[in-house]
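Written out below as structure tokens is the structure these notes cover.
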Number of protein chains: 2
Amino acid sequence: MQPDEARLDHMLSKLRERRQRITPQRLAILRILASGEGHPSVEGIYSIVVKDFPTTSLATVYKTITLLKDLGEVLELEFSQGSNRYDGSKPFPHPHVVCTMCKNIVDPDLQSLSAMTAEVSEQTGFKVNNHRLDFYGLCPQCQEGEG
Amino acid sequence: MQPDEARLDHMLSKLRERRQRITPQRLAILRILASGEGHPSVEGIYSIVVKDFPTTSLATVYKTITLLKDLGEVLELEFSQGSNRYDGSKPFPHPHVVCTMCKNIVDPDLQSLSAMTAEVSEQTGFKVNNHRLDFYGLCPQCQEGEG
DNA sequence: TTTTCTGCAAATGCTTTGCATGGGA
DNA sequence: TCCCATGCAAAGCATTTGCAGAAAA
């Protein structure tokens with residue numbers, strides 16, 4: 001786990017600003033979210049944190065993530081079947097590519113996104129300020145095991 | 001409720017093909033989904049069907065929708081908080097533009113979508129076969145009441 | 001010392017499932 | 001008649017909440 005120190009520091013100062021306490025459990029959760037590795041679920045975060053702090057509960061992970069959402073420091077990717085996933089390194093809307101087999105999530109850098117947003121505005125007259133762009137399919141590894 | 005007769009007939013023949021029975025409850029649910037009005041939730045469908053068939057249960061609505069999903073005749077829009085919503089008139093993935101104020105939903109026809117899908121595949125190596133593209137913002141009417 | 005956080009367990013909300021009865025074909 | 005569909009109730013899951021004890025500041 002290699003947390004982005006700048007992201008981590010930013011999150012920590014946001015907590016201090018709001019007079020929120022920096023507990024060992026919260027610090028461990030922040031480190032994972034700031035690492036930028038994957039888009040962990042609550043269960044995934046919990047399974048890592050519990051190694052260092054065996055008494056940690058799922059409820060604490062949920063509460064910490066709710067706090068970070070309120071602070072605008074984590075992006076929640078909702079899934080009605082399966083668990084939600086969280087992105088603490090890029091807490092603003094951006095496209096995701098999800099492998100339906102291994103559940104891995106990748107962030108593409110799409111040149112055509114601004115053009116598409118412009119197309120939406122032009123065609124509908126909407127003032128677009130948020131989006132949820134997910135592409136689903138098979139990642140290169142999972143394609144090999146397929147037909 | 002003004003069901004698209006062609007859509008309704010198509011759904012009915014799909015059921016018959018699969019030797020599925022056309023019950024009054026199923027017909028009522030199909031009519032709502034084929035109407036193309038809005039993107040109803042299970043609860044919303046249930047509340048309408050139960051007027052004509054007071055013994056109808058939520059389970060039946062869920063089971064019918066699961067069946068229609070398997071037949072590829074309804075699109076499920078997943079929401080982890082709140083209920084899922086369903087689109088029976090365009091049961092294939094397509095972008096939505098959602099007004100965060102009046103909750104109105106528009107289906108844009110985006111020329112740049114195929115280019116973006118190609119960009120995703122090229123950049124990530126994924127074999128993309130599905131997507132969830134939602135844009136959120138203010139519709140023209142709701143922008144007037146704003147700053 | 002004060003106030004907040006933690007962690008357990010119970011509660012919640014949506015959805016699914018098991019099973020006996022009812023009803024299409 | 002023969003199965004399948006219905007509908008009730010219970011179960012399943014991810015998430016939230018209440019509260020007493022623990023621990024930051």
Side-chain angles (χ1 to χ4, degrees), chain A residues 11-33 39-71 74-86 103, chain B residues 11-33 39-71 73-86:
Chain A
M11 288 170 147
L12 288 172
S13 30
K14 271 291 189 75
L15 287 180
R16 291 195 190 95
E17 269 178 29
R18 299 282 189 103
R19 302 290 187 286
Q20 302 291 335
R21 292 178 181 170
I22 316 289
T23 65
Q25 294 91 332
R26 282 186 176 175
L27 186 56
I29 294 166
L30 291 192
R31 282 186 194 285
I32 294 166
L33 287 171
H39 297 69
S41 62
V42 164
E43 191 70 43
I45 294 170
Y46 169 77
S47 67
I48 296 171
V49 174
V50 82
K51 291 177 189 167
D52 287 329
F53 304 96
T55 64
T56 304
S57 67
L58 271 174
T60 294
V61 181
Y62 275 109
K63 283 167 182 168
T64 300
I65 281 179
T66 298
L67 173 60
L68 290 171
K69 277 195 295 178
D70 291 345
L71 295 174
V74 73
L75 177 72
E76 183 177 54
L77 291 177
E78 298 183 33
F79 295 98
S80 77
Q81 47 199 56
S83 311
N84 291 347
R85 307 282 287 269
Y86 298 90
K103 310 301 178 190
Chain B
M11 288 170 147
L12 288 172
S13 30
K14 271 292 189 76
L15 287 180
R16 291 194 191 96
E17 269 177 31
R18 300 283 190 104
R19 303 288 187 285
Q20 302 291 334
R21 291 178 182 168
I22 316 289
T23 65
Q25 294 91 332
R26 284 187 173 174
L27 186 55
I29 294 167
L30 291 192
R31 282 186 193 286
I32 293 166
L33 287 170
H39 297 67
S41 62
V42 165
E43 190 69 44
I45 293 169
Y46 169 77
S47 67
I48 296 171
V49 174
V50 82
K51 289 176 189 167
D52 287 328
F53 304 96
T55 65
T56 304
S57 66
L58 271 175
T60 294
V61 182
Y62 276 109
K63 284 167 181 168
T64 300
I65 281 179
T66 298
L67 172 61
L68 291 171
K69 277 195 294 179
D70 292 345
L71 296 175
E73 293 301 320
V74 73
L75 177 72
E76 183 177 54
L77 290 177
E78 299 185 31
F79 295 98
S80 78
Q81 47 199 57
S83 312
N84 291 347
R85 308 283 288 271
Y86 299 89

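So that the names make sense, note that chain A is the first sequence line, chain B the second, and so on, each numbered from 1. These numbers were taken from a predicted model, which means no experiment stands behind them.
Shown for residues 58-67 of chain B: residues whose heavy atoms fall under 4.0 angstrom of DNA chain C, namely B:A59, B:Y62, B:K63.
No donor-acceptor distance shorter than 3.5 angstrom exists from the side chain of B:R18 to the backbone of B:L71, with no hydrogens or angles considered. No donor-acceptor pair closer than 3.5 Å links the side chain of B:R21 to the backbone N or O of B:R19. Formation of a donor-acceptor pair under 3.5 Å by the B:R85 side chain with backbone atoms of B:L77 is not found in this model.
No side-chain heavy atom of B:L30 sits less than 4.5 Å from a side-chain heavy atom of B:I22. No side-chain heavy atom of A:V61 sits less than 4.5 Å from a side-chain heavy atom of A:E43. For the pair B:L15 and B:L67, the minimum side-chain heavy-atom distance is below 4.5 Å. Between B:I45 and B:T64, the closest side-chain pair of non-hydrogen atoms is not below 4.5 Å.
OP1 and OP2 of C:dT6 both lie 4.0 Å or more from every side-chain N or O belonging to A:S57.
Between A:R26 atom CZ and C:dG7 atom C1' there is a gap of 13 Å when expressed in whole angstrom units. Whole-Å rounding puts the A:R18 CZ to C:dT4 P distance at 15 Å. At whole-Å resolution of the value, CZ in B:F53 and C1' in D:dA5 are 14 Å apart. At whole-Å resolution of the value, CD in A:Q25 and P in D:dA23 are 9 Å apart. Atom CD of B:E78 is separated from atom P of D:dC13 by 17 Å (rounded to the nearest Å). Rounded to an integer number of Å, the gap from A:F79 CZ to D:dC13 C1' is 16 Å. Distance, A:L68 CG to C:dC5 C1': 14 Å, rounded to whole Å. The OH atom of A:Y46 sits 17 Å away from the C1' atom of D:dT16 (whole-angstrom rounding).
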Check your understanding: Between A:Q81 and B:E76, is a side chain to side chain contact (heavy atoms under 4.5 Å, CB included) present by the stated rule, with each step listed?
Key -> CA-CA 11 Å; A:Q81 47 199 56; B:E76 183 177 54; 4.0 Å; yes

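Across all strands, A:T56 comes closer than 4.0 Å only to sugar-phosphate atoms, never to a base (heavy-atom distances).
The residue among B:N84 and A:R19 whose nearest nucleotide of DNA chain C lies closer to the 5′ end is A:R19.
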Under-3.5 Å N/O pairs linking protein and nucleotides 23-25 of chain C:
unit_1, atom_1, unit_2, atom_2, d
C:dG23, N2, B:R21, NH1, 2.6
C:dG24, N2, B:R21, NH2, 2.9
C:dA25, OP1, B:I22, N, 3.0

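Across all non-hydrogen atoms, the minimal contact from B:Y46 to B:T56 is CE1-O, 3.2 Å.
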